[in-house]
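Okay, structure first, notes after.
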Amino acid sequence: MSYPARAVVDLAAVRSNVRSLAAHAPTAQVMAVVKADGYGHGLLPTAAAAVAGGATWLGAAQVDEALALRRGGITGARVLTWLYAPGAPLREAVEADVDVSVSAPWALAELAAAARAAGRPARAHLKVDTGLGRNGLTPADLAALLPEVLRLRAEGAVEVVGLWSHLAFADEPEHPTVKHQGEVFADALRTVDAAGVGLEVRHLANSAATLTTPAVHYDLVRPGIAVYGLSPVPQLGGHDDYGLVPAMTLEAELANVKRVPGGHGVSYAHQYVTTHDTVLGLVPLGYADGIPRHASGTQEQPGGPVRVGGRTIGVAGRVCMDQVVVDLGPDATEQAGARVELFGNGRDGGPTAQDWAVAAGTISYEIVTRIGARVPRVHVDSEGTAP
Ligand SMILES: *Cc1c(COP(=O)(O)O)cnc(C)c1O
């Protein structure tokens with residue numbers, strides 16, 4: 001492989017993270033959310049590892065992602081998809097044994113039509129908007145839709161498998177909306193119960209709620225970011241505190257190393273200027289590879305962290321499309337080809353995706369999901385077993 005950088009994904013970490021999440025939610029099954037190419041970690045390998053770690057469900061936002069799981073041979077888990085517009089390939093979803101979320105009357109009608117075309121009942125999860133104000137039926141719209149749901153169930157077109165919702169402040173467990181959304185959800189459950197719908201699963205918790213709010217675990221939890229070993233609540237605890245191991249290491253080989261005098265401007269617009277004779281290293285990763293341009297560095301404010309030869313230094317100057325520069329210092333002994341790590345599991349004191357999130361003023365989710373498509377994903381298994 002000639003690409004001088006790669007995202008190495010440890011599937012043993014994914015398995016171990018799923019086990020940790022299951023231990024945090026002992027009354028619930030685990031749905032590992034693998035949307036957005038497994039949060040940038042590679043859809044099929046991480047999905048298979050999550051299932052090997054004990055996930056009995058997989059969550060995909062887009063219908064195409066859910067279908068890709070089935071096409072890729074993932075059969076050992078239920079799959080739920082929830083984000084689509086009119087005209088989505090719901091018949092294919094039903095035929096592939098993919099559960100489909102319903103957030104609107106048109107979606108229920110399209111799902112029923114898909115089931116008739118497929119000649120088998122669709123498995124539906126009714127989504128209720130308990131206060132996030134995003135997708136889902138309002139509680140009033142849910143109640144109004146129930147007669148049609150019951151009619152389609154009697155017809156044999158639709159099985160009602162789940163009722164579910166999503167929290168607005170899961171990362172602030174004490175926020176009053178968490179309790180309030182739980183109450184609205186409990187109300188919606190009573191409404192559905194009263195209509196005589198026997199549900200298989202009720203689910204409300206993402207990673208943050210899985211780790212911090214047992215009251216909303218219900219039958220199934222839906223962690224995403226924590227499956228990949230990153231803390232959903234960095235202000236409350238790091239990955240170590242929750243028994244998580246960051247699965248992705250972003251590494252590269254230096255593409256050039258050179259000595260320059262003091263007063264040398266570095267990268268576009270000379271945002272960084274050397275203060276003395278020093279050695280610059282060129283890292284062949286830039287914003288096209290997902291390195292946030294907001295993590296550019298100056299002399300006063302070092303940019304995103306890079307681990308080189310056991311020390312951690314900040315990006316010097318502007319992050320470019322394909323590359324960034326690091327100031328290795330006057331005594332550097334690194335040569336071109338030396339390995340550098342932008343983030344990893346943090347075990348040796350090296351930087352993590354969370355550190356890059358802080359440097360760029362964002363969240364770790366955005367760091368890992370935006371690693372560019374051209375960066376090769378290399379899947380390894382630190383336990384040496386097949387996923
Ligand atoms: C993405 C997503 C999740 C997972 O969220 P994390 O914060 O990554 O755990 C769960 N549920 C829904 C509806 C989502 O969109």
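In what follows, every heavy atom counts, from backbone to side chain, and hydrogens, waters and symmetry copies are set aside. First listed ligand is number 1; within each ligand, the first listed atom is number 1.
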As a test of reading the model: which N/O atoms of the protein lie under 3.5 Å from N/O atoms of ligand 1, and at what distance?
{"unit_1": "ligand 1", "atom_1": "7 (O)", "unit_2": "Y365", "atom_2": "OH", "d": "2.6"}
{"unit_1": "ligand 1", "atom_1": "8 (O)", "unit_2": "Y39", "atom_2": "OH", "d": "2.5"}
{"unit_1": "ligand 1", "atom_1": "8 (O)", "unit_2": "I225", "atom_2": "N", "d": "2.8"}
{"unit_1": "ligand 1", "atom_1": "9 (O)", "unit_2": "S207", "atom_2": "N", "d": "2.8"}
{"unit_1": "ligand 1", "atom_1": "9 (O)", "unit_2": "S207", "atom_2": "OG", "d": "2.5"}
{"unit_1": "ligand 1", "atom_1": "9 (O)", "unit_2": "G224", "atom_2": "N", "d": "2.8"}
{"unit_1": "ligand 1", "atom_1": "11 (N)", "unit_2": "R222", "atom_2": "NE", "d": "3.0"}
{"unit_1": "ligand 1", "atom_1": "11 (N)", "unit_2": "R222", "atom_2": "NH2", "d": "3.3"}
{"unit_1": "ligand 1", "atom_1": "15 (O)", "unit_2": "K35", "atom_2": "NZ", "d": "2.7"}

> Are L250 and V325 co-members of a hydrophobic cluster defined by side-chain heavy atoms under 4.5 Å apart?
Replying inline: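 Unlinked, V325 and L250 end up in two clusters.
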> Checking salt bridge (charged side-chain N to carboxylate O under 4.0 Å, His left out) against R339, which of E253, E334, E251 comes through?
Replying inline: E251
> Quick one: which of D141, L137, V149 gives a side chain to side chain contact (heavy atoms under 4.5 Å, CB included) with P105?
Replying inline: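 Of all the options given, the one that passes is L137.
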> When you look at V233 and Y242, which way does the side-chain contact (heavy atoms from CB on, under 4.5 Å) test go after all the steps?
Replying inline: CA-CA 10 Å; V233 287; Y242 296 107; 3.5 Å; yes
>> Could you walk me through whether H125 and W164 satisfy the ring-ring contact (aromatic ring centres under 6.0 Å, His included) test, starting with their C-alpha distance in whole Å, then the side-chain angles of each, then the deciding distance to 0.1 Å, before giving a yes or no?
In response: CA-CA 7 Å; H125 295 233; W164 73 303; 7.1 Å; no
>> For residues 281-327, which residue pairs pass the ring-ring contact (aromatic ring centres under 6.0 Å, His included) check, not counting sequence neighbours?
In response: none
